[in-house]
Amino acid sequence: MSDLPKVYSPKDVEEKWYRDWETKGAFSAKRDPHRTPYTIVIPPPNVTGILHMGHALNNTIQDILIRWKRMDGKVALWVPGTDHAGIATQNVVEKALAKEGKSRHDLGREKFIERVWKWREEYGGTIIRQLKRLGASCDWTRTRFTMDEGLSKAVQEVFIRLYEKGLIYRGHYIINWCPRCQTALSDEEAPHQDLQGHLYYIRYPMEGSKDHIVIATTRPETLLGDTAVAIGPKDDRYRKLLGKTILLPVLKRKLKVVEDEFVDPAFGTGVVKVTPAHDPNDFMMGQKHNLPSVNVMNPDGTMNEEAGPYQGLDRFECRRRILVDLEKEGLLEKTEPHAHAVGHCYRCRTIIEPRLSLQWFVKMKPLAEPAIRVVREGKVTFIPSRWSKIYLDWMENIRDWCISRQIWWGHRIPVWYCVGTDHCKIECKEPIVGRTRPEKCPHCGSKNLRQDEDVLDTWFSSWLWPFSTLGWPEEDEDLRYFYPTDTLVTAPEILFFWVARMIMAGLEFRGNIPFREVYIHGTVRVEGGKKMSKSLGNIIDPIEIIEKFGADALRFSLMVITATGSDVYLSEQKFLIGRNFANKIWNAARLILPKLEKRQPLSPHLPLDDTDRWILSRLNRTIEEVTEALSEYSFNDAGSLLYEFFWHQFCDWYLEMTKARKNEEIAPILEEVLKKSLLLLHPIMPFLTEEIWQNLSPKESIMVSEWPKPDKAYFNPEIERSLSFFMKMTTEIRNLRSQWNVPEGTNLDIEIPLTKTLPSLDEKKLYYGFEFLKKSAGISKVAFTPGKKGKPAGSATLVVSHSPVFVQLKGVINLEAEKSRILREIEERRAHWQKTMERLKDNNFVSRAPEEVVLKHRESAKLLEEGIVKLEEALAELS
RNA sequence: GGGCGAAUAGCUCAGUUGGUUAGAGCACGUGGCUUACAUCCACGGGGUCACAGGUUCGAGUCCUGUUUCGCCCACCA
């Protein structure tokens, strides 16, 4: 093994093993009725996506779960795939077209879609390749794309079923309109953001009078679409306006005055302009009072012919101009700064325009009810649990979902309209919903039909992902075996977009929950708290980290710094944790492997030293704890436990202590500890562990080897206690050496008086431990002496866990300095002792605290006292 | 406006049901190239657990309030 390089080199290892796993089919899950399935569906990344740290975190977690469960004997299936990401992908391809000086309209719908597919062929696989570099053990033979034939069929099926059930309808409503993408958006796609705007107080003249009323608005350009003025129902200030006619500034349109309880007399002036085509509340009022709707904008956010003199202006330019004009006419009373929340397009950040238009909607309440129930009843649980409240709040206030999008890339709505002729009847206006293009209009027989131009919201395919990827609507064997899935691992941003809707879809179309547990991890940020984003230029690219430090380093670091469900703050430096740890494991293997040549397996008959018993106890305890941590999604605990065990217990102590021993004696233990450690580490660090595993001449890949179980026969708390005494002693002696500046090569003798409080420290059983102590702390002789013998001359006194240890320092020791050192020690202990005694003297404490706590205090006081006595004795002898 | 989360060492963060003297990594200081590893080893310094009250024999941990930061939700023009 000496030919292994000194420094672990991930590059030489990762590609090799990934290819090996893939060609052996190790990732693919096959149904096995005798074993339990464990299924995860990947949150499908956008096909335009490139791997960022959020993906790295999300997919590392999934891979850890899948690899762990696979080793643990489950039929572990991780279904991968990508999302067609309607708007995002269309934007990307349109940008590429723009470079050629073309728009999508120059190509036409069909050619454009062809172009998107071509783009997808070329670039759509990027993120999949990147996931492979991360080590993701997805079953790639099942890779799905939301625009695949099967998944498209599922989308169509769902649309039709919901339509037939009356849960899909079409109608004119105010929706969120993105003037840049030129499509409707759902409420979730138009997140509100606080903006510092203004409240403009505008005078609306009254007909036939010199009077005016003042109305406050944040969007003066929309006044061009006003069709009424509203006042509060019990507002005596304005009662007199009822029946009067108000004149719309600029356009001089006549507006009537209505009463509506929506109006809050306390806000602004207590009078509201009513613009039914550009505001949801005004729309409602318009319906109630039978007001006309006047849409004043074009789809691109410029003003249309209804805007009169402002036609053709951009909406914000129009705002400026209208304010100037109002000012000129003396109709702008005042302007106040005003912060308010404004919707923004989640794809391009453009300010949303609420706009009246004809769209398709899903009625959500009936779907939400069962989805609320399953979370209430604990059939679907969130980790951390606080997310279930957020989920329930949203579900209980759910609003209908606008699902039509005015773009080309996506699932076209399976609806046709009769564009018929003179023979058309009223019913011909009804949409014709079907799986295929109807031959003719069922009402008038016309063959002149056209399909709805719109496509469906991307999330209308994603919400089916847990079952559409398994073959639905076909009743596949796989679907029955692997559904419901087990765990969904995702980021909080898509709780409403995706998670909530999947639960609704699963219940509606499969009659069952889509997954049992939802693990919601944090958001990746950079140190300093900002969100990591391209626009801020603070991206840490996971692929670069993989190139530099290796995928295992990336994975381990991410896990160990991420507490369950909390946000992650990254800096490049943090990946050194994983790189250094990987290197440590590598070098431990380099040390161990040559020692294993003549090994025999660990068996109960092997003679064991106390240090052996100790490391085996630690190992089995670690197996138990790591398994526990994983099942609680405490990946940082799992990582830290392994780090602490492998580095600070196994390497720092055990490996050092065994350096003096014969290979055949320790080989079984070394092999046991190394192997089990590698198995435990494998889900987090798949590549490195496989590379070392393969050097152990295994029969099969580590990824299909069995997950270790703790062997309780090796649990040995007593040994752990006495070894920790021994370690403390070692540390204290080393400390003493550095305090006294004992030069290298000066050997010291120590004497350990045998007292009752001394943990069972058997020199013979601990022989190799003492050998190590001699070497590492520069000790030449260790002697156990009868307790009564007292302190040898010229020695320093240590009190380790209340037991004295005398270190011979003749010639080195400075009497005064040693005295003051001991005095300091005594003082420290005395302070602690006093505090403990105060408690014990308190009757309240003794009577109310649990017995074992009181007992602990008593014990502790006694030991402290003994330690102090020993130190005082030592001090007396020095004087 | 409502809700959620966070505040612990110079930095980034752990801290399970309240229980003796609050931990880690990085950074820092000192000493070491000890033939697995300088991506390393040994030792060390460093904290009024945001603030103010309260509950309790006992609070980093539970309760109330305050401050600061972050996030989510919301149709007051």
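So that the names make sense, note that chain A is the first sequence line, chain B the second, and so on, each numbered from 1.
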Would you indicate, yes or no, if B/C11 has its OP1 or OP2 atom less than 4.0 angstrom from a side-chain nitrogen or oxygen of A/Ser571? no
Between A/Asp842 (side chain only) and A/Glu838 (backbone N and O only), is there a donor and an acceptor less than 3.5 Å apart? no
Ring center gap for A/Tyr346 and A/Phe497 short of 6.0 angstrom: yes
Considering just the side-chain nitrogens and oxygens of A/Trp387, establish if one lies under 4.0 Å of OP1 or OP2 belonging to B/G5. no
Donor-acceptor pair under 3.5 Å, A/Lys595 side chain vs B/A36 base: no
Whether A/Asn735 contacts B/G44 is assessed here as follows: a side-chain N or O lying under 4.0 Å from the phosphate OP1 or OP2. Is that the case? yes
Can you tell which of B/A77, B/G3, B/C75 lies closest to the side chain of A/His340? B/A77
Taking the P atom of each, how far is B/U12 from B/A50, in whole Å? 15 Å
A/His648 vs B/G25: side-chain N/O to OP1/OP2 distance below 4.0 Å: yes
Can you confirm whether more than 12 heavy atoms, excluding those of A/Gln196, are under 6.0 Å from its CD atom? yes
Given A/Trp586, which partner from the list A/Phe581, A/Phe687, A/Tyr8, A/Phe646 fulfils the ring pair (Phe, Tyr, Trp, His ring centres under 6.0 Å) test? A/Tyr8
Would you say a side-chain N or O of A/Lys584 is under 4.0 Å from OP1 or OP2 of B/C41? yes
What's the closest nucleotide to the side chain of A/Val7 if the choices are B/A36, B/C76, B/U39? B/U39
Shortest side-chain distance from A/His192, nucleotide among B/A74, B/G19, B/C37: B/A74
Are OP1 or OP2 of B/U39 and a side-chain N or O of A/Arg579 less than 4.0 angstrom apart? no
If we take the C1' atom in both B/C26 and B/A14, what is their distance in whole Å? 14 Å
Can a side chain N or O of A/His338 be found less than 4.0 Å away from OP1 or OP2 on B/A77? yes
Span that lies between the C1' atom of B/U56 and that of B/G19, in whole angstrom: 12 Å
Side-chain donor/acceptor of A/Ser860 to backbone N/O of A/Lys856, under 3.5 Å: no
Rounded distance in Å between the C1' positions of B/A9 and B/G15: 14 Å
Please tell me which of the listed nucleotides, B/C37, B/A77, B/G25, lies nearest to the side chain of A/Asn583? B/C37
Which listed nucleotide (B/A77, B/G19, B/C43) is nearest to the side chain of A/Pro850? B/G19
Using a cut-off of less than 4.0 Å, is there contact between a side-chain N or O of A/Arg399 and OP1 or OP2 of B/C75? yes
Quick check: any donor-acceptor pair below 3.5 Å linking the side-chain of A/Gln573 to the base of B/A27? no
Short side-chain N/O contact from A/Lys6 to OP1 or OP2 of B/C40, under 4.0 Å: no
In whole Å, what separates the P atom of B/U68 from that of B/G10? 23 Å
Tell me, do A/Ile215 and A/Tyr201 make a side-chain contact under 4.5 Å, heavy atoms counted? no
Determine the contact category for A/Lys548: base if any of its heavy atoms lies under 4.0 Å from a base atom, sugar-phosphate if only primed atoms, P, OP1 or OP2 are that close, otherwise nothing. nothing
Could you tell me how far B/C41 sits from B/C33 if I compare only their C1' atoms? Round to whole Å. 10 Å
Taking only the P atom of each, what is the distance from B/C51 to B/U8 in whole angstrom? 10 Å
Residue A/Arg590, side-chain heavy atoms: nucleotide from B/A36, B/C41, B/A74 that is nearest: B/A36
Within the 4.0 Å heavy-atom criterion, would you say A/Glu852 contacts the bases, only the backbone, or no part of the nucleic acid? nothing
Quick check for you: among B/G25, B/U20, B/C75, whose closest atom lies nearest to any side-chain atom of A/Ser860? B/U20
Which nucleotide in the list B/A77, B/C40, B/C43 gets nearest to the side chain of A/Arg734? B/C43
Are the ring centres of A/Phe845 and A/His857 closer than 6.0 Å? yes
When you measure from the side-chain N and O atoms of A/Asn281 to the phosphate of B/C76, is any distance below 4.0 Å, counting only OP1 and OP2? no
Which part of the nucleic acid, if any, lies within contact of A/Trp647, taking any heavy atom under 4.0 Å across all strands shown: a base, the sugar-phosphate backbone alone, or nothing? sugar-phosphate
How would you list, by chain and number, every residue that makes a side chain to side chain contact (heavy atoms under 4.5 Å, CB included) with A/Ser293, sequence neighbours excluded? A/Pro276, A/Ala277, A/Leu356
Less than 6.0 angstrom separating the ring centers of A/Trp387 and A/Tyr391, yes or no? no
Rounding to the closest angstrom, what is the interatomic distance between B/C11 and B/U67 at atom C1'? 23 Å
Could you give me the stems involving RNA chain B, meaning stretches of three or more consecutive Watson-Crick or G-U wobble pairs whose two defining distances are both below 3.5 Å? B:1-7 with B:67-73, B:10-13 with B:23-26, B:28-32 with B:40-44, B:50-54 with B:62-66
